[in-house]
Protein chains: 2
Amino acid sequence: MASGSAARKPASEPLVVLEEFLPYRLNVLAGLTSSALAQIYAERFGLSIPAWRVIVTLGQYECRTARDMAPDGVMHKSTVSRAVSALEKRGLVKRRPNLDDRREEWLALTPEGRAIYEAVAPEALAVGERLLSVLTPQEQKTLSALIDKLTRQARMLAPQDAEGEEA
Amino acid sequence: MASGSAARKPASEPLVVLEEFLPYRLNVLAGLTSSALAQIYAERFGLSIPAWRVIVTLGQYECRTARDMAPDGVMHKSTVSRAVSALEKRGLVKRRPNLDDRREEWLALTPEGRAIYEAVAPEALAVGERLLSVLTPQEQKTLSALIDKLTRQARMLAPQDAEGEEA
DNA sequence: TGTTATTAGTTGCAGTAGCAACGAACGGAA
DNA sequence: TTCCGTTCGTTGCTACTGCAACTAATAACA
């Protein structure tokens, strides 16, 4: 009886309280920040998340694809491959064969690609700063250290590399 | 010239350093923890992430679907709908019409569903604890508070609700 | 040298996500 | 009651993701 009030009443022994479960909370937070960022690079520049990462990486260095783009297994190599293809098709990235090792190819931003980079990057940074603005500088340092610790540990617990999905 | 050494050399003015960019790091961490968790509920129990969330929520309360399952826009309602359908088909969740409002339906775990819940939950918790084991209790408290702060802020910056994707 | 293992990158396939449109049911106001 | 706006939930469509299999090139070793 009293069917209505049973809805939110906890069951006898809730083994996991989702709202307190760290992986869940991390995923919610990561998803929200992604949404905030996606507004910028997706809606306004037509970039997917992998494409955005490629652009930023190439804006930072001038490196080669796949393994360099996902050195820690953050992106799957097929993901990188497709992102690069798309960017090349749009004329934002250029491939150049590596004569020393013809399995791989050097990637670099074209002038158009760099223009986009220089337009997106500051806005993305601004979002990051707006996010962090609720933390004191000290808290930001602490957070950074905690994330590093957890990431190291998570890397040990995860299959071997792999990433993606949510939880 | 010296083409090889240019690969990792930073460009003149790297506007964004991906490895230091908070949204990126959050996503990497969240992805890694998801992978660790997925090993359990996906490979061993055949549950998708949304299904896992539904199971846990129903193990915690005895609530109704969709809006209750995603009160903060963490999951899209279509995602919840499909997860529930799949779980119902497997006999892990049962629907019961809500006579007070026939738009919605009450959901509850079946005995089989609860059995799975009681098998998965402790293992998932263990993964969470193993993750947190690299932090002191004090650090865990701090982290929790920081995540809360950031989540609140991110919720303000994100479109309106929405979630998903990565970055 | 030849043989085998490893690595960079691509692509077919299948599963899954979100969006948007839809139907059904409710609530409020005239 | 009727009409309009809102909400719960489902479903078609499309796009994306990861996996696994594959090619091509290199490395390691006998």
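Note that the coordinates shown come from a computational prediction; the quantities given were computed from them, not determined experimentally. Below, chains carry the letters A, B, ... as their sequence lines are ordered, and counting in each starts from 1.
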- line: In whole angstroms, the gap separating P of C/dA17 from CG of A/Asn27 amounts to 13 Å
message: If we ignore hydrogens and angles and just use 3.5 Å, is the side chain of B/Gln153 paired with the main-chain N or O of A/Arg130 as donor and acceptor?
response: yes
field: Near-strand residues of residues 81-91 of chain A, defined as heavy-atom separation under 4.0 angstrom from DNA chain D
entry: A/Arg82
query: Taking 4.0 angstrom as the limit, do B/Glu20 and B/Arg25 come out as a salt bridge?
result: no
task: Check whether any side-chain heavy atom of B/Leu47 lies under 4.5 Å from a side-chain heavy atom of B/Ile116, and answer yes or no.
output: yes
- prompt: Over how many whole Å does the gap from B/Met75 atom CE to D/dT10 atom P extend?
  reply: 13 Å
message: Using whole Å, what does the distance between atom C1' of nucleotide D/dA27 and atom CG of A/Asp100 come to?
response: 15 Å
task: With the side chain counted from C-beta on, respond yes when A/Val127 and B/Pro23 share a heavy-atom pair under 4.5 Å apart, and no when they do not.
output: no
field: Side-chain (A/Glu105) to main-chain (A/Pro97) donor-acceptor, under 3.5 angstrom
entry: no
- prompt: Looking at A/Arg95 and A/Glu88, does any basic side-chain N land under 4.0 Å from a carboxylate oxygen?
  reply: yes
task: Take the protein atom CG of B/Asn98 and the nucleotide atom C1' of D/dT7, then report the distance between them rounded to whole Å.
output: 14 Å
query: Between D/dC19 atom C1' and B/Gln39 atom CD, what is the distance in whole Å?
result: 15 Å
message: Using the side-chain heavy atoms of A/Arg102, tell me which of these nucleotides is nearest: D/dA25, C/dA25, C/dG9.
response: D/dA25
- prompt: Does the side chain of A/Arg44 reach to within under 4.5 Å of the side chain of A/Gln39, using non-hydrogen atoms?
  reply: no
- prompt: For the residue pair B/Ala121 and A/Val16, what are the closest heavy atoms and their distance?
  reply: CB-CG2, 3.6 Å
message: Between A/Ser48 and B/Glu105, which residue's closest nucleotide on DNA chain D lies nearer the 5′ terminus?
response: B/Glu105
B/Lys77 vs A/His76, nearer the 5' end of DNA chain C by closest nucleotide: A/His76
message: Rounding to an integer number of Å, can you tell me how far B/Glu43 CD sits from C/dG15 P?
response: 16 Å
message: Checking B/Ser48 against B/Arg82: is there a side-chain donor and acceptor pair closer than 3.5 Å?
response: no
task: Kindly say if A/Thr79 contacts the phosphate of D/dG18, meaning a side-chain N or O under 4.0 Å from OP1 or OP2.
output: yes
- line: Rounded to whole Å, CD1 of A/Ile49 lies from C1' of C/dA17 at a distance of 11 Å
Considering only nitrogen or oxygen atoms on both sides, find all protein atoms under 3.5 Å from nucleotides 5-7 of chain C and state each distance.
unit_1, atom_1, unit_2, atom_2, d
C/dT7, O2, A/Arg103, NH1, 2.9

field: Nearest-angstrom distance from the residue atom OH of A/Tyr41 to P of D/dC16
entry: 13 Å
- request: Using heavy atoms to find the nearest nucleotide of DNA chain C for B/Asp101 and A/Val80 separately, return the residue whose nucleotide is more 5′.
  value: A/Val80
